[in-house]
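For reference, the structure discussed in these notes is given below.
In what follows, every heavy atom counts, from backbone to side chain, and hydrogens, waters and symmetry copies are set aside. None of these values were measured; they are calculated from a predicted model.
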Amino acid sequence: METDLYDEFGNYIGPELDSDEDEEVDADDREADEADEEEDDEDQAEVDEEDGGGMEVVLHEDKKYYPTAEEVYGPEVETIVQEEDTQPLTEPIIKPVKMKRFTLMEQELPATVYDMEFLADLMDSSELIRNVTLCGHLHHGKTCFVDCLIEQTHPEIRKRDDSDLRYTDILFTEQERGVGIKSTPVTMVLPDSRGKSYLFNIMDTPGHVNFSDEVTSSVRLSDGIVLFIDAAEGVMLNTERLIKHAVQEKLAITICINKVDRLIVELKLPPTDAYYKLRHIVDEVNGLLSTYSTDESLIVSPLLGNVCFASSQYSICFTLGSFAKIYSDTYGDINYMEFAKRLWGDIYFNPKPRKFTKKAPNSNSQRSFVEFVLEPLYKILSQVVGDVDTSLPRVLDELGIHLTKEELKLNIRPLLRLVCNRFFGEFTGFVDMCVQHIPSPQGGARAKIEHSYTGGLDSDLGETMSECDPDVSVTFTCLQFHAFGRVLSGTLQAGQPVKVLGENYSLEDEEDSQICTVGRLWISVARYQIEVNRVPAGNWVLIEGCDQPIVKTATITEPRGNEEAQIFRPLKFNTASVIKIAVEPVNPSELPKMLDGLRKVNKSYPSLTTKVEESGEHVILGTGELYLDCVMHDLRKMYSEIDIKVADPVVTFCETVVETSSLKCFAETPNKKNKITMIAEPLEKGLAEDIENEVVQITWNRKKLGEFFQTKYDWDLLAARSIWAFGPDTTGPNILVDDTLPSEVDKALLGSVKDSIVQGFQWGTREGPLCDEPIRNVKFKILDAVIAQEPLHRGGGQVIPTARRVVYSAFLMATPRLMEPYYFVEVQAPADCVSAVYTVLARRRGHVTQDAPIPGSPLYAIKAFIPAIDSFGFETDLRTHTQGQAFALSVFHHWQIVPGDPLDKSIVIRPLEPQPAPHLAREFMIKTRRRKGLSEDVSISKFFDDPMLLELAKQDVVLNYPM
């Protein structure tokens, strides 16, 4: 090799070579080389095999670190190779199956003190069943009371010493928040004081006013309620509402004064004062009952046996009867029923002649209730709390309570609970009270059917139901979307076909009905379910397989042969859903998932409303902030696991008028053949509420309807007899009156278009002209009508839009105003925080109506009104200003006119600054219209015909209205 042909790096730098020949030579050489190499390779391979593996070089491409996909998965598995890994490391390639758990459930049936077969047999005898709803104000001890009953019937379920069991709060959110959100049914067998067993269907309901819709649906299934009242707090906001609701639903009412221990341990009241406090609560309840009910005999009193006293924390529950029985068991030969009658009120025991007297034998003698009930209770509590080591064993011996050494070493609370439990025994007093004062499904059926069934009682079906006898049941859905309901007659079998009638079903319009097959049936006991194959009348049942057509409530009946079956009335809630939030998915492609989620929450919450605005936004309406918070939690986590954006909350408004229309408004149909004239004026005070609460119903006959309006609201005979409709819907707070005279208008022709005019009126009142919100509290009078002779010229297409237009123009001529919902707020706070509560309320346009100390406790109760739109964040604000010492609950109360004229053009709304009071109506209207995608202002010309506008111009009315 010549050195000067190559540089020091070995690159060729010699003369140019002849390329063509070279390539041919190279090719030949290369083939020869390759042949040599192959021979070498074979030799090498033979050598390798002999040497047991050599040090040969394997190129990078030929290296094989992992088995191929085909080797791993087999030849017929499709494998896709991605060149670039687009999946982040945080995500597993194949996600594990995620089990979503939102409720606490038992895995297998727990042990009970009764046989499950016995429970199932009791279901057949309806006179031994009691369907009871436990309701009361927030944290008045309903759930803890059910825990005591669960512990008595389930020997293995025990609460841990430091925390409550809360067996019926089955949702994790309920456990975390410490507040009930859903009603939970519990079915168990409980003995009364004589040892006779009854089947109790108990519904534990939420106490928060936002969730009063859950109470409404529970009440529909029950024959009576037990109202829980905290002995220290007394009658609170929700207690009062529940009494009113139970009276309206015609239910039996019994009372449990709970947390009696607070009077002793917390408030440290002397026994006599504790008696006054208890009596004050009973008197207050009776005062409310007499306010809401016309029935004189409806009173509660410990003497009647429909009041029981309890302390769930220490497992105490007694009525006068069951306490007297403890005496008779201890001392024998006492007629305890007679003794119990002398244990309440101003009755004293005179020890010398051993007689009860109405007059105190001496100045320091105690009333019998204090002497025989409260003092022993005080003594037991104070012995356990005070002197555990020395004198307690002696007292327990006297009472015949035996505790082991270990039990005596317990902490005070568990020890107290144990001693009271042994002393008072099981809750037989509660059972006695329910058995005596709440009717069985058989006894209560007639009143229940009369109140809630839309069909008459005179049909065969009405008869069989009122005797609690063949097959109809009311159901509403609960969480897992099994339908939960009550069988009112007949027997429901697993696997049988049934017909589900929805809320819009009627004998005329049978569209809303569907035939389904019942799956399995269960009896629900909070955290576990007992499967049964049939459920007879009078019981509650959880049904699988027919939830699909049900939205809120439904009536289930036999698929054929029950043609005259009608539905049970949809639930009527004692509160209104006035707060609305708009929702949309963060990722627009997930809209179908969100819609599915909305459908499910709509099933899951009784009074929730979901709707789509004209502008396409999805709106959820709820009763309050906590309510909507729970709805959004369920929507995001439980039903559609997607990110959802929520707009700031707003409220629904209403539109109304404050004067009579300034002139007669008329409108002509598009074909110029018909003309309707109307005016609008405000309704009498209280009439709108009467219509909404169904005190007066449009379905009454003319005479009865006329009499009602004449006597109660001083209408003249003619107007009262010519009421055409309430609107929107049959219970809407507006009235359409035909004020035309037969001498001027052809009544027969007018009658022929009555339906069309009513429809136009309904449409107009459902969405008013100011901002598409419902009209309220307005009376529309038809003053004149020119109707075409030929039916062709007076069809619905001509008349309905015209009627709506004239409703709008009459409305706009009558000084229109906006109305906003007002909340009633009840605040509990210590005396030094009261002034802070006033300041917080004043900042939000609220005003206090009453503040008074709660008797027998250091707190004040402050009652106030606050506009719903200003109530967002009110509770948080209140807690901040009172260092968390004030507690507020608010609930919708009434509608009130927003200050200011919504149509005043001279008001300029400046962005991002609070408006003075007179500008509010204008601000609300403009912003609501913007949100709904309507034009900025109400243009009057849209609703007026040309002739009408000329008429207006003549009369010089068009001052500040935009044309």
Side-chain angles (χ1 to χ4, degrees), residues 213 216-222 249 441 445-446 448-478 481-521 534-573 599-600 602-609 694 697 699 729-731:
D213 54 347
T216 306
S217 46
S218 310
V219 155
R220 169 59 71 84
L221 293 181
S222 309
E249 292 289 328
R446 194 166 192 87
K448 189 109 205 133
I449 305 299
E450 268 175 13
H451 185 68
S452 58
Y453 186 54
T454 51
L457 270 179
D458 36 22
S459 62
D460 298 344
L461 195 60
E463 281 301 318
T464 53
M465 280 196 290
S466 56
E467 280 144 28
C468 192
D469 189 30
D471 178 308
V472 172
S473 68
V474 184
T475 77
F476 59 92
T477 51
C478 47
F481 297 127
H482 294 135
F484 183 78
R486 170 170 168 177
V487 183
L488 283 162
S489 64
T491 304
L492 187 63
Q493 308 271 0
Q496 81 176 68
V498 290
K499 186 171 172 190
V500 180
L501 313 178
E503 294 193 352
N504 299 325
Y505 175 89
S506 63
L507 294 180
E508 297 78 49
D509 174 20
E510 299 194 356
E511 187 189 351
D512 192 2
S513 67
Q514 190 170 332
I515 294 204
C516 299
T517 305
V518 172
R520 293 171 292 174
L521 302 175
R534 59 181 196 94
V535 177
N539 290 286
W540 292 351
V541 58
L542 196 54
I543 311 170
E544 181 186 52
C546 59
D547 59 291
Q548 199 268 321
I550 301 175
V551 181
K552 301 287 193 199
T553 64
T555 304
I556 292 185
T557 172
E558 286 171 3
R560 54 190 62 78
N562 241 349
E563 265 58 61
E564 84 280 21
Q566 299 193 36
I567 61 166
F568 285 78
R569 288 199 179 85
L571 297 173
K572 198 158 158 293
F573 301 111
R599 230 167 274 128
K600 287 176 178 162
N602 195 23
K603 274 189 180 191
S604 173
Y605 288 84
S607 72
L608 188 77
T609 322
E694 298 185 20
Q697 292 173 8
T699 49
D729 310 318
T730 47
T731 58

Practice task
Measure the shortest side-chain to side-chain distance between Pro606 and Thr216 over non-hydrogen atoms and say whether it is less than 4.5 angstrom.
Solution key: no

Handout entry: Thr730/Thr699 under side-chain contact (heavy atoms from CB on, under 4.5 Å): CA gap, chis, key distance, verdict
Key = CA-CA 8 Å; Thr730 47; Thr699 49; 5.8 Å; no

Exercise for the section: Kindly indicate whether the side chain of Val487, heavy atoms from C-beta on, has any atom under 4.5 Å from the side chain of Asn539. Expected result: no

Practice task
Measure up the Tyr453 and Phe568 rings against each other and bin them: parallel (under 30°), tilted (30 to 60°), perpendicular (over 60°).
Solution key: tilted

Handout entry: Considering all heavy atoms, the nearest Gln496-Gln493 contact
Key = OE1-N, 2.7 Å

Practice task
Calculate, to the nearest 0.5 Å, the distance between atoms OG and CH2 belonging to Ser218 and Trp540 respectively.
Solution key: 7.0 Å

Problem - Ile567 and Asp512, any side-chain heavy atoms less than 4.5 Å apart - result: no

Problem - Minimum-distance pair of heavy atoms, taken over all atoms of Arg486 and Lys448 - result: NH1-CD, 4.0 Å

Completion exercise
Residue set satisfying side-chain contact (heavy atoms from CB on, under 4.5 Å) with Glu503, at least two apart, ordered chain then number -> Lys552, Thr553, Pro570

Practice task
Compare every heavy atom of Ile550 with every heavy atom of Ala483, then report the nearest pair and how far apart it is.
Solution key: CB-CD1, 3.9 Å

Completion exercise
Nearest heavy-atom contact between Gly545 and Cys516 is O-CB, 4.2 Å

Handout entry: Heavy-atom pair with the smallest gap, counting every atom of Leu521 and Leu492
Key = CD1-O, 3.4 Å

Exercise for the section: Decide yes or no on side-chain contact (heavy atoms from CB on, under 4.5 Å) for Val518 and Ile556, but give the supporting numbers first. Expected result: CA-CA 10 Å; Val518 172; Ile556 292 185; 5.8 Å; no

Completion exercise
Rounded to the nearest 0.5 Å, the CD atom of Gln514 sits from the SG atom of Cys546 at a distance of 10.0 Å

Problem - Distance (rounded to the nearest 0.5 Å) between Leu488 CG and Thr555 OG1 - result: 9.0 Å

Handout entry: Among Glu511, Gln566, Lys499, the one residue meeting side chain to side chain contact (heavy atoms under 4.5 Å, CB included) with Tyr505
Key = Lys499

Practice task
Mark yes or no for whether Arg220, through its side chain, and Arg569, through its backbone, hold a donor-acceptor pair below 3.5 Å.
Solution key: yes

Practice task
Could you pull out the closest heavy-atom pair between Leu501 and Ala565, with the gap in Å?
Solution key: CD1-O, 4.2 Å

Completion exercise
CD (Gln548) and NZ (Lys603) are apart, to the nearest 0.5 Å, by 6.0 Å

